[in-house]
Protein chains: 4
Amino acid sequence: MLAPAHGLRTQSYAPRRQCHGTMNADGWGVGFYPAVTAEPARWRSNRPLWADASFASVAPVISARCVLAAVRSATAGMPADETAVAPFQSGRWLASHNGVIDRGLLGPHPAAESVCDSAQLAAHLFAFGPERLGEFVVGVGKRDPGARLNLLVTDGRRVLATRWTDSLSVLRADDGVVVASEPYDDDPRWQDVPDYHLLEVDGEVITMTGLEAP
Amino acid sequence: MLAPAHGLRTQSYAPRRQCHGTMNADGWGVGFYPAVTAEPARWRSNRPLWADASFASVAPVISARCVLAAVRSATAGMPADETAVAPFQSGRWLASHNGVIDRGLLGPHPAAESVCDSAQLAAHLFAFGPERLGEFVVGVGKRDPGARLNLLVTDGRRVLATRWTDSLSVLRADDGVVVASEPYDDDPRWQDVPDYHLLEVDGEVITMTGLEAP
Amino acid sequence: MLAPAHGLRTQSYAPRRQCHGTMNADGWGVGFYPAVTAEPARWRSNRPLWADASFASVAPVISARCVLAAVRSATAGMPADETAVAPFQSGRWLASHNGVIDRGLLGPHPAAESVCDSAQLAAHLFAFGPERLGEFVVGVGKRDPGARLNLLVTDGRRVLATRWTDSLSVLRADDGVVVASEPYDDDPRWQDVPDYHLLEVDGEVITMTGLEAP
Amino acid sequence: MLAPAHGLRTQSYAPRRQCHGTMNADGWGVGFYPAVTAEPARWRSNRPLWADASFASVAPVISARCVLAAVRSATAGMPADETAVAPFQSGRWLASHNGVIDRGLLGPHPAAESVCDSAQLAAHLFAFGPERLGEFVVGVGKRDPGARLNLLVTDGRRVLATRWTDSLSVLRADDGVVVASEPYDDDPRWQDVPDYHLLEVDGEVITMTGLEAP
């Protein structure tokens, strides 16, 4: 999040590949799975990541086997709240969303953490079954052809992500796998995920599957 | 809000009559109707009222014919967000809620500003018709007998409020009428509104009507 | 602040002429002089201007004869606090600073609102005499040749500003004079203030005076 | 901080022994020493501890051999900023202050983190030598007889604290030593530190030394 030259801290003010919006200064969040607990811990804020002195100080002390982190560029009209920032959570699952969706088509979900479109989308996904992410995205994409549906979920073991109109990359590094909206450095092993594809990471195995575009 | 000895600023840390909670430090909000605009302006925050140097500086400059202000004591589990703080708004109408309601009974409302129970309740009230506040509260109270439903709404002309398990008072002062959770000074003209009653203020006319208790 | 196409709200994420920094998302502030009060009212925040729903709602209701507003891009290492955001105040005077100054050369000032370099600089200026802004800037510039010293002060009647390495413009509009870091629209009457100059606005009279560059 | 019935979370809204102020809702902070790093990590906020969902989620994951935590009740007129919240830091040292001091007598310190009186006091202490805490407090107490100077410092190994007009207690528990403004539970091993005394904790050794009262 902090160390790479083009990590999330830099992406909060100067993303390189982002298709929509020029910065991500409306908040940041991270969820991570310590070895000993069943559910992830979460730290979220509605302030810019670069301005968070506490996270910069404490983050180096925290270690985890699996981390989901996000910076937010709020869609106009959405609440500027901490609860509107990814990752959203349901039990062991975490989810983040880079995009936009018509809330009217989804309908409000009683378990959503925020009225924000991404939080509503996450609540619908958690109820649908996050392990069926590809199916979920194709279905929502049919109902809302204007939706942008880059979604990423994890339960601390598997990672599933969709590229659905915005950028998405994956890196198999020496010590693990990274899925990111854009490469955070110039490592030649970064691979682009093609648009309208589902990415699955399960241990060492990385799979990409084409999804039916709208 | 600021000047009276027991005004909202003091009530944010030391309310005198409040039945539930010992302070109201989870946010504050105000909506007011300038003479020239159709809809109210709103200023809300999720920080304590006493700590807000900007409001203390700017408030004396603002004048309005009708003001609805609130301080918040968040129910455990509700979001600590700015959008969860009253007053909630729908067009010309503002609403505040002092109490608690089972969100599961209400169901999520697509127009709610926050997933917070009070925001959901306000959205249902706006859809039902805020001018029918008494009828609304009796209906909700039947569905959720444990609900506490002190509600207050205004469109800038009329004020309607219910006392439904917590304190409520009204003052006919020389320059207007004040409806408040508790008297902000020792003026002998403050009147208690009896429990399970609807209060209506329309110009000079103040009416109290008994409501069917649950 | 909000209405012009390239006003402060836009400058908070996309300034056009700014020499240092690419955005101004670390806070915003405004001070203004209502006709009836001796001292200005102030509203400040350490969050981005574009995300402030309360200011967007309330600002249209407030009128003033003189306004000083600023958006902040924090220098690395400076506190991300509300009190570090301009305008700074001393009695009737307000001040803002676009630049950087070595705090070690200034020494800490007992009346400063924040340990931030700009707040320390403003405290020194208030003590020196804000009406002698040009002299102050030349003196500080000699002691710290690397300083960037675009400063702007007002007492609600006169406006004084220095261009000292960053952009500065002035507009004589039909209803008043505007001094700004950059033009907020394409009005052909905007004039650039030359570098190392003092600008004075006193009623209808606009004066520019060269300052001794370091 | 969170688990005990009368820990800091409870003390943030309902302290039992506090001599000044009725709650501590103006912020909270914690510094802690992970085994592997030379300097402590810090997490601070200017919001109430009870409202911080991120700290409640992440704290259980963090372990440390030495922790200094505080909740803040701001003195009127002091900034409501994050940088005004203890613990203050200088290299390996952390400090917190429960009390009040006349800033005019101290003079502003160039290394202070905030213009707040406690931050100024901490900067003076760090410069004087935090290991000479007792001498420092006696000297400041002579210059400002109205000062309240409950101070606590640590470098991750030793803990030094002064009781100087407010409450202070110490607990030798099975797994370590706790120094606190008030007992967080009813363990009979809690001992009161007498007023105007210095407490030192060095490994297993606890020492209390009388200080020359003003």
Side-chain angles (χ1 to χ4, degrees), chain A residues 25-29 31 39 42-48 51-52 54 72 74-91 95 97 100-128 140 143-144, chain B residues 25-29 31 39 42-48 51-52 54 72 74-91 95 97 100-128 140 143-144:
Chain A
D26 294 307
W28 66 272
E39 295 199 353
R42 267 199 303 178
W43 190 341
R44 299 188 292 172
S45 165
N46 62 353
R47 301 203 49 217
D52 201 307
S54 292
R72 181 181 185 217
T75 302
M78 293 297 151
D81 295 330
E82 184 178 297
T83 56
V85 182
F88 306 104
Q89 182 180 359
S90 176
H97 173 225
V100 66
I101 174 76
D102 181 341
R103 286 182 293 182
L105 288 177
L106 288 175
H109 196 285
E113 295 182 49
S114 163
V115 300
C116 164
D117 64 346
S118 294
Q120 296 288 338
L121 184 67
H124 281 273
L125 171 59
F126 290 140
F128 182 86
V140 172
R143 291 161 59 198
D144 182 1
Chain B
D26 294 307
W28 65 272
E39 295 199 353
R42 266 199 306 177
W43 190 341
R44 299 188 293 171
S45 165
N46 63 351
R47 301 203 49 217
D52 201 306
S54 292
R72 181 180 185 219
T75 301
M78 293 297 151
D81 294 330
E82 185 178 296
T83 56
V85 181
F88 306 103
Q89 182 179 359
S90 176
H97 173 223
V100 66
I101 174 77
D102 181 341
R103 285 182 292 182
L105 288 176
L106 289 176
H109 196 285
E113 295 182 51
S114 163
V115 299
C116 165
D117 64 346
S118 294
Q120 296 288 338
L121 184 67
H124 282 273
L125 171 59
F126 290 142
F128 183 85
V140 172
R143 291 161 60 198
D144 182 1

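Order of the sequence lines fixes the chain letters, A, B, ..., with proteins taken first and strands second; residue numbering starts at 1 for each chain.
- Heavy atoms of B:Ser114 lying under 4.5 Å from chain A belong exclusively to its backbone.
- Nearest approach of A:Pro79 to B:Thr83, heavy atoms of both residues: CB-CG2, 3.8 Å.
- Of all non-hydrogen atoms in A:Pro110 and B:Pro108, the two that sit nearest each other are N-CG, 3.8 Å.
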